[in-house]
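Some notes on the structure that comes next.
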Amino acid sequence: FQKVTCGSSIKLTHEKSKFKLHSHQITYGSGSGQQSITAVQSKEDTNSLWQIMAQFHHTCARGEPVPCDSTIRLKHVNTKKLLHSHHHQSPMSGGLEVSAFHGTDDGDNWTVECVNKKDTYWIRESPVLLRHENTGMYLSSSTRHVFSNPIPGQQEVAGHSLQKSDQTWIAQEGIYFAEPEL
């Protein structure tokens with residue numbers, strides 16, 4: 001079992017739809033006006049890579065395993081913005097908007113909740129929930145909420161209260177740093 005580690009750049013797959021967590025330089029036309037977050041079907045899209053970082057005001061060493069129930073930040077590799085949420089309403093589902101933001105505050109903190117209770121660390125190919133620390137909402141996506149222009153076919157990603165079926169994510173493709181040798 002490969003542990004997910006700090007500094008790694010990974011793709012997160014929405015377990016139910018198999019779409020990848022994604023961002024790009026397209027902003028929301030309402031709400032915060034910040035960079036939008038969606039989920040896309042393509043496995044090859046480079047806009048789906050996210051680097052794992054320590055929570056705001058903390059550090060973690062490259063290759064340090066991420067324990068279950070720890071708090072992290074996810075930095076979009078291409079735009080360098082952080083996965084963020086706040087109390088703006090999402091455009092389609094009525095949940096909370098999830099955006100990518102260049103700011104550095106605790107609105108970028110997400111807690112990794114391992115679904116498999118036997119796991120003590122976040123494990124590649126094992127489902128997790130990502131709970132936004134400030135709002136308590138979970139990173140969600142659904143095939144029921146799909147955008148048209150300018151991002152046709154992309155699923156909305158939003159924060160919702162716990163429902164698990166639309167909220168489990170799996171770390172898959174990417175560049176994983178190994179744990180440091182002792």
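Because the structure is a prediction, the values reported are computed rather than measured.
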My understanding is that only residues two or more places apart in sequence, or in another chain, count here; which of them pass side chain to side chain contact (heavy atoms under 4.5 Å, CB included) with [X]?
{"X": "Q163", "answer": "H160, Q167"}
{"X": "T143", "answer": "S17, Q155"}
{"X": "Q172", "answer": "T13, K20, E125, I170"}
{"X": "I26", "answer": "H24, S36, P150, I151"}

* To do: Please report the C-alpha distance between S126 and D119 in whole Å, then the side-chain angles of each, then the deciding distance to 0.1 Å, and finally whether the side-chain hydrogen bond (donor to acceptor under 3.5 Å, both in side chains) criterion is met.
  => CA-CA 9 Å; S126 191; D119 292 343; 2.9 Å; yes
* Could you list all the salt bridge (charged side-chain N to carboxylate O under 4.0 Å, His left out) pairs where at least one residue sits in residues 142-159, not counting sequence neighbours? => R144-D166
Going by heavy atoms in the side chains, are [X] and [Y] under 4.5 Å from each other?
{"X": "V112", "Y": "V4", "value": "no"}
{"X": "S99", "Y": "Q35", "value": "no"}
{"X": "N78", "Y": "L49", "value": "no"}
{"X": "I37", "Y": "L139", "value": "no"}
{"X": "M53", "Y": "L82", "value": "yes"}
{"X": "K81", "Y": "Q34", "value": "no"}

[X] side, atom [atom1]; [Y] side, atom [atom2] - distance, nearest 0.5 Å:
{"X": "Y138", "Y": "L162", "atom1": "OH", "atom2": "CG", "result": "5.0 Å"}
{"X": "T59", "Y": "H57", "atom1": "OG1", "atom2": "NE2", "result": "12.5 Å"}
{"X": "H14", "Y": "S142", "atom1": "NE2", "atom2": "OG", "result": "7.0 Å"}
{"X": "Q154", "Y": "H22", "atom1": "CD", "atom2": "NE2", "result": "4.5 Å"}
{"X": "Q51", "Y": "L83", "atom1": "CD", "atom2": "CG", "result": "13.5 Å"}

* **Residues clustered with M137, ILVMFWY side-chain links under 4.5 angstrom** => L96
* **Fellow cluster residues of F1, listed by chain then number, with links counted only when side-chain atoms sit under 4.5 Å apart** => Y121, I123
* Y28 (side chain) donor-acceptor with V98 (main chain) under 3.5 angstrom -> yes
* Asked: Between S8 and F177, is there a donor-acceptor pair closer than 3.5 Å when you use the side chain of the first and the backbone of the second?
  -> yes
* Verify side-chain contact (heavy atoms from CB on, under 4.5 Å) between V40 and N47, making sure each step is shown before the conclusion. => CA-CA 9 Å; V40 298; N47 278 317; over 6 Å; no
* Structure fact -> So disulfide bond (SG atoms under 2.5 Å apart) across residues 8-81, not counting sequence neighbours, yields C6-C60, C68-C114
* To do: Could you list all the disulfide bond (SG atoms under 2.5 Å apart) pairs where at least one residue sits in residues 115-155, not counting sequence neighbours?
  => none
* To do: Would you list the pairs meeting ring-ring contact (aromatic ring centres under 6.0 Å, His included) in which at least one residue belongs to residues 67-119, sequence neighbours left out?
  => W50-H76, H84-H86, H84-F101, H86-H88, W110-H132
Is it true that, when you exclude [X] itself, more than 12 heavy atoms of the residues, nucleotides or ligands shown sit nearer than 6.0 Å to its [atom1]?
{"X": "K118", "atom1": "NZ", "result": "no"}
{"X": "K18", "atom1": "NZ", "result": "yes"}
{"X": "I175", "atom1": "CD1", "result": "no"}

* Asked: Can you list the steps and then say if N134 with N109 is a side-chain contact (heavy atoms from CB on, under 4.5 Å)?
  -> CA-CA 8 Å; N134 283 359; N109 287 339; 5.9 Å; no
* Asked: Given L129 and T168, is the side-chain contact (heavy atoms from CB on, under 4.5 Å) satisfied, shown in steps?
  -> CA-CA 5 Å; L129 299 165; T168 50; 3.9 Å; yes
* Between I52, V128, T71, which is the residue that forms a side chain to side chain contact (heavy atoms under 4.5 Å, CB included) with V66? -> I52
* Asked: Listed by chain and number, what are the salt bridge (charged side-chain N to carboxylate O under 4.0 Å, His left out) partners of E113, not counting sequence neighbours?
  -> R131
* Structure fact -> By salt bridge (charged side-chain N to carboxylate O under 4.0 Å, His left out), E179 pairs with (sequence neighbours left out) K3
